[in-house]
Engineer: 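Supplied in structure tokens, the structure appears directly below.
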Amino acid sequence: MVLQNPMSSAGSKRLMLIVLACVTSVAAAPTPSGSAGYLTETDGFVDIDLPITQIAPDPGVTRIVARGVILGKEVGLEVDFASASQRSRGQASLPLGTAQIRTLGAVSDNFVALLDSRYKIPIPSKTMLAAVAAAVVGLQGDPAHVQEGVTQMKFFFFDSGPQDRYAEVYITVDADKRVLGFHEKDEDYRKALLLALTQGP
């Protein structure tokens with residue numbers, strides 16, 4: 001009686017197919033599994049909208065985490081809003097506040113790289129800083145209550161100077177639809193904004 005080697009003929013073919021399947025799955029770069037983000041470029045302005053994945057009201061701060069897949073890469077950032085605000089003096093009486101844009105690691109570096117690719121301005125580093133401080137004014141809603149409805153804001157970086165580092169950007173938090181918008185204010189602020197996110201003072 002001749003005993004068949006279990007690793008020969010049909011058995012070896014089956015094993016080879018399994019190995020090839022594993023190699024194929026490793027070799028093929030997986031598509032990011034996060035929700036889709038949106039990049040809009042209209043009239044020269046670059047606007048990014050990301051799904052909000054977390055709203056965490058902590059004592060003294062409300063943390064907003066937003067991340068999504070744009071052009072095949074997951075991008076994202078965290079924005080922390082102080083839970084106290086004050087009213088500006090004057091006719092508008094707009095609520096003022098403070099915020100920090102914080103990194104989420106690689107996805108935030110991807111966010112900076114995305115901005116850099118659309119702004120077409122070379123910068124020394126595409127690594128987002130751990131935290132970037134900003135002054136905030138509420139155009140609609142109060143930055144101290146971003147977890148309630150829609151809050152449209154303007155962020156100011158280096159508002160005390162130097163002038164070449166000053167930048168503005170529109171950020172909107174829609175807590176109901178769970179979307180964070182990062183919308184360009186003016187093309188002239190592109191370099192200063194990128195430097196604020198990556199270089200600091």
Side-chain angles (χ1 to χ4, degrees), residues 32-71 73-105 107-108 110-112 114-115 118 128-159 166-187 189-190 193 196-197:
S33 58
S35 300
Y38 297 93
L39 169 67
T40 307
E41 297 179 273
T42 306
D43 297 328
F45 292 99
V46 176
D47 298 334
I48 296 172
D49 294 282
L50 297 173
I52 293 175
T53 59
Q54 183 180 10
I55 300 177
D58 293 331
V61 67
T62 301
R63 305 181 189 282
I64 305 290
V65 176
R67 54 200 301 166
V69 178
I70 297 178
L71 301 178
K73 285 191 175 182
E74 188 174 24
V75 302
L77 68 166
E78 176 181 317
V79 188
D80 295 352
F81 295 91
S83 299
S85 66
Q86 58 184 348
R87 293 281 167 176
S88 61
R89 296 178 181 177
Q91 293 181 333
S93 189
L94 296 173
L96 303 176
T98 59
Q100 281 193 335
I101 294 178
R102 302 183 66 86
T103 183
L104 298 174
V107 295
S108 294
N110 290 343
F111 180 80
V112 169
L114 174 64
L115 288 178
R118 311 323 290 182
M128 185 183 284
L129 294 173
V132 181
V136 182
V137 60
L139 305 176
Q140 174 187 331
D142 190 334
H145 302 284
V146 290
Q147 73 275 21
E148 302 172 5
V150 179
T151 310
Q152 296 178 346
M153 296 156 283
K154 187 190 292 186
F155 276 47
F156 304 87
F157 303 90
F158 290 91
D159 53 326
Y166 177 77
E168 299 178 11
V169 69
Y170 292 122
I171 290 184
T172 299
V173 173
D174 188 333
D176 296 331
K177 295 182 179 179
R178 297 185 76 85
V179 174
L180 182 143
F182 190 97
H183 293 184
E184 189 168 17
K185 169 66 168 61
D186 193 300
E187 290 185 41
Y189 295 135
R190 288 182 172 183
L193 178 59
L197 295 175

Engineer: Identify the heavy atoms of Thr151 and Gly141 that sit nearest to each other, and give their distance.
Structural biologist: CG2-C, 4.0 Å
Engineer: Measuring only between side-chain heavy atoms, which start at C-beta, is Leu104 closer than 4.5 Å to Glu74?
Structural biologist: no
Engineer: Between atom CG of Leu77 and atom CD1 of Ile64, what is the distance when rounded to the nearest 0.5 Å?
Structural biologist: 10.5 Å
Engineer: With side-chain contact (heavy atoms from CB on, under 4.5 Å) as the criterion, how do Val75 and Val107 come out once you've worked through the C-alpha distance, each side chain's angles and the decisive distance to 0.1 Å?
Structural biologist: CA-CA 4 Å; Val75 302; Val107 295; 5.6 Å; no
Engineer: Atom CG in Asp176, atom CD1 in Ile52: separation rounded to 0.5 Å?
Structural biologist: 10.0 Å
Engineer: Which distance, rounded to the nearest 0.5 Å, do you find between the NZ of Lys177 and the CG of Asp49?
Structural biologist: 11.0 Å
Engineer: Considering non-hydrogen atoms only, spot the tightest contact between Gly44 and Arg190 and give its length.
Structural biologist: O-NH2, 2.8 Å
Engineer: Specify the closest pair of heavy atoms between Leu50 and Gly68, including all atoms of both residues, with the distance to one decimal.
Structural biologist: CD2-N, 3.9 Å
Engineer: Measure from the side-chain N and O atoms of Gln100 to the backbone N and O of Asp80, and report whether any donor-acceptor pair falls under 3.5 Å.
Structural biologist: no
Engineer: What's the shortest heavy-atom distance between Ser108 and Thr103, and which atoms?
Structural biologist: CB-OG1, 3.3 Å
Engineer: Would you say the side-chain atoms of Glu168 and Tyr170 include a donor-acceptor pair closer than 3.5 Å?
Structural biologist: no
Engineer: Measuring from atom CD of Glu78 to atom CZ of Arg67, what distance do you get when rounded to the nearest 0.5 angstrom?
Structural biologist: 10.5 Å
Engineer: Rounded to the nearest 0.5 Å, what's the gap from CG on Leu39 to CG on Leu114? Could you check?
Structural biologist: 5.5 Å
Engineer: Would you call Val173 and Met153 a side-chain contact if the rule is heavy atoms closer than 4.5 Å?
Structural biologist: yes
Engineer: Closest approach of Leu115 and Phe182, non-hydrogen atoms and distance?
Structural biologist: CD1-CE2, 4.0 Å
Engineer: How about Lys185 and Leu193: do any of their side-chain heavy atoms sit closer than 4.5 Å?
Structural biologist: no
Engineer: Has the side chain of Asp47 got a donor or acceptor atom that lies under 3.5 Å from a matching backbone atom of Glu184?
Structural biologist: yes
Engineer: Give, for atom CZ of Phe158 and atom OH of Tyr189, the distance between the pair rounded to the nearest 0.5 Å.
Structural biologist: 14.5 Å
Engineer: Can you find a pair of side-chain heavy atoms, one from Tyr38 and one from Val179, that are under 4.5 Å apart?
Structural biologist: no
Engineer: How about Met128 and Ile101: do any of their side-chain heavy atoms sit closer than 4.5 Å?
Structural biologist: yes
Engineer: Taking all non-hydrogen atoms of both residues into account, name the closest pair between Ile55 and Ala175 and its distance.
Structural biologist: CD1-CB, 4.1 Å
